[in-house]
Amino acid sequence: MSVFLFPNDYLQTVNRFEVVIIGGGLAGLTAALDLVSKGKQVLVIEKNTYPNHKVCGEYVSNEVKPYLQSLGLTVDNGQLPQIDTLQISTSKGNSVEVELPLGGFGISRYTFDNQLYNLAKRKGVVFLHDAVTQVNFQGSDFRIELGRNDGIEARMVIGAHGKRSQLDSKLERHFMTRKSPWLAVKSHFDNPGYPPNLVALHNFPGGYGGLSQIENGNVNFCYLVRYSDFKKERDIDSFNKNVVSQNPFLRDFLSNAHAVFTKPMAIGQISFAKKHPIENHMLMCGDSAGLIHPLCGNGMAMAIHSAKLASTQVNLFLKNPSYTRKEMEMNYATAWKMNFEKRLWAGRRLQGIFMHTKWFDFGIRTLAQSKFLLRNLIRTTHGTPIYS
Ligand SMILES: Cc1cc2nc3c(=O)[nH]c(=O)nc-3n(C[C@H](O)[C@H](O)[C@H](O)COP(=O)(O)OP(=O)(O)OC[C@H]3O[C@@H](n4cnc5c(N)ncnc54)[C@H](O)[C@@H]3O)c2cc1C
């Protein structure tokens, strides 16, 4: 039997778990919490340590609030900005404001992921900080290969390793063969005048950015841009000055705000391509199964919701010998498609319009006349509240 040094300061002589979760982001941590609360033995393998910042808009839809609370996370202690209004503007500065059907809250990924991690640790989830390099299904069990430690075996594996990982290349996933044109940039700003109840989406040539407050009163500014447009400028500073600031709302914001990060964070190769919810018999969760366009503002809610769907299936499979692996996989794939396929489709269509300067300008002027239509558009990319 192999011996692993786990970071929890004790030596474990276990090399087999009921459930291994690859990736400890929102999807992985939620699935871990759900399964451990159902009495399962869970190992999360996460390549990074906590806490750390992630490129994200940091607006969380309220659809997952009751479920998070049922898992033991405090999301309603009066500390988090409660967001009930969406503002959208075009590069020219035409804008519309609408009350959000469900609303949401603002929280940095630094805090959100770390709170879930600490809760999961307290509830008995085991963590190993290493990179998964390969996963082999061996008929009834999995063998998981790691960068620095010996391999691990598991009855069930959940893939929650985010939008893009070296592991996806090893698994020969199709989207890894195609280049993606998208780049994202994020930074926190000190801007005391920014309204805590507002999430804003502002368009600029080649991209769009979101603004919303987080737990400490700072404002997160995160934008998505086509790499071909971005590279016309020298660096992020000149892109912000010459392109982002063409939108008058963003120009005002940037000229009144002070960056809190010494350097903005940036990631490339963000793929919105279709993926499969089952891969090599693993149930894929969160962005590993599909990433919705950020303008919809509910990728995190989808990651959390998909973790719930996967945990339900894994729990049924592990406790019921007559429930076959094939049935579990089929039922997860069906549930995933039922819940998310339409939203991803709507997100792709909306993004197309958002990026088309003329249509978008026309669209916003039309939507300003009909908030009912706008609220319905928002509903097509969101779900209804989910509970335990
Ligand atoms: C620009 C942008 C803005 C966004 N804004 C919003 C927003 O405002 N609201 C919203 O709801 N959603 C937003 N999203 C979407 C949201 O960020 C994601 O949907 C969400 O982070 C998905 O969580 P996840 O757990 O699937 O992935 P992640 O949070 O990325 O977690 C994956 C984890 O897996 C780990 N990992 C990767 N490979 C390995 C490996 N081989 N071995 C071990 N560990 C590994 C990573 O270190 C990471 O911690 C945005 C996305 C983008 C790109």
Side-chain angles (χ1 to χ4, degrees), residues 20-32 43-64 83 86 104-109 112-114 116-117 127-135 144-149 157-171 180 182-186 199-201 207-212 214 220-225 265-272 275 284-307 310 340 343-344 347 381-382:
V20 164
I21 298 172
I22 306 170
L26 293 179
L29 291 167
T30 308
L43 170 70
V44 173
I45 307 173
E46 164 57 52
K47 64 180 182 176
N48 294 319
T49 51
Y50 301 88
N52 57 53
H53 288 286
K54 280 184 175 169
V55 175
C56 180
E58 304 186 329
Y59 161 80
V60 188
S61 163
N62 273 340
E63 66 200 71
V64 288
I83 298 171
L86 169 70
F105 55 95
I107 185 167
S108 69
R109 293 298 298 273
F112 198 8
D113 291 36
N114 197 42
L116 285 166
Y117 163 66
F127 282 84
L128 174 61
H129 292 288
D130 202 343
V132 172
T133 53
Q134 183 57 291
V135 181
I144 299 126
E145 305 298 343
L146 301 165
R148 292 192 309 271
N149 290 278
V157 174
I158 293 179
H161 47 274
K163 35 192 165 299
R164 192 179 186 90
S165 164
Q166 282 302 319
L167 181 59
D168 292 314
S169 301
K170 287 280 173 56
L171 294 169
S180 165
W182 298 106
L183 171 88
V185 177
K186 162 212 167 124
V199 58
L201 267 179
Y208 59 88
L211 290 172
S212 55
I214 53 167
N220 180 36
F221 177 41
C222 181
Y223 61 79
L224 188 76
V225 58
M265 299 174 75
I267 51 166
Q269 290 293 328
I270 300 165
S271 169
F272 300 101
K275 299 175 182 171
M284 308 307 269
C285 269
D287 290 355
S288 300
L291 172 61
I292 192 161
H293 284 278
L295 66 91
C296 302
N298 73 342
M300 288 191 273
M302 282 176 52
I304 291 164
H305 189 174
S306 66
F340 308 124
R343 292 198 224 177
L344 286 161
T381 59
H382 283 70

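Every number for a ligand or one of its atoms is a count from 1 in the order of the listing.
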**Message:** Counting only nitrogen or oxygen atoms and a 3.5 angstrom limit, does Met300 reach ligand 1?
**Reply:** yes

**Request:** Report yes or no: does a heavy atom of Asn48 sit under 4.0 Å from some atom of ligand 1?
**Result:** yes

**Message:** Please confirm whether Gly297 approaches ligand 1 to less than 4.0 Å, judged on its heavy atoms.
**Reply:** yes

**Item:** Mutual orientation of the aromatic rings belonging to Phe127 and His129 [parallel < 30°, tilted 30-60°, perpendicular > 60°]
**Value:** parallel

**Item:** Side chain, backbone, both or neither: Ala27 near ligand 1, heavy atoms under 4.0 Å
**Value:** both

**Prompt:** Could an N or O of ligand 1 be found under 3.5 Å from any N or O of Gly299, whether backbone or side chain?
**Reply:** yes

**Message:** One residue to check: Ile45. Relative to ligand 1, which of side chain, backbone, both or neither has a non-hydrogen atom less than 4.0 Å away?
**Reply:** backbone

**Prompt:** Does Asp287 reach ligand 1 with a nitrogen or oxygen that is under 3.5 Å from one of the ligand's nitrogen or oxygen atoms?
**Reply:** yes

**Message:** Regarding ligand 1, does Lys47 bring an N or O atom to under 3.5 Å of one of the ligand's N or O atoms?
**Reply:** yes

**Ala301: partners by side chain to side chain contact (heavy atoms under 4.5 Å, CB included), with sequence neighbours left out** = Ser61, Glu63, Val64, Asn298

**Prompt:** Val132 to ligand 1: N or O pair under 3.5 Å?
**Reply:** yes

**Prompt:** Quick one: which ligand 1 atoms are inside 4.0 Å of a heavy atom on Ala303?
**Reply:** 22 (C), 23 (O)

**Asked** Looking at atom 6 (C) of ligand 1, what's its closest protein heavy atom, distance included?
**Response** Gly57 N, 3.5 Å

**Asked** Who passes side chain to side chain donor-acceptor pair (under 3.5 Å) against Tyr59, sequence neighbours left out?
**Response** none

**Which segment of Gln166 sits under 4.0 Å of ligand 1 when only heavy atoms are counted** = neither

**Request:** List the closest protein heavy-atom neighbour of atom 52 (C) of ligand 1: residue, atom name, distance to the nearest 0.1 Å.
**Result:** Pro294 CG, 3.7 Å

**Request:** May I ask you to list the atoms of ligand 1 that are less than 4.0 angstrom from any heavy atom of Cys222?
**Result:** 1 (C), 3 (C)

**Request:** Please indicate whether any nitrogen or oxygen in Leu26 is less than 3.5 Å from any nitrogen or oxygen in ligand 1.
**Result:** yes

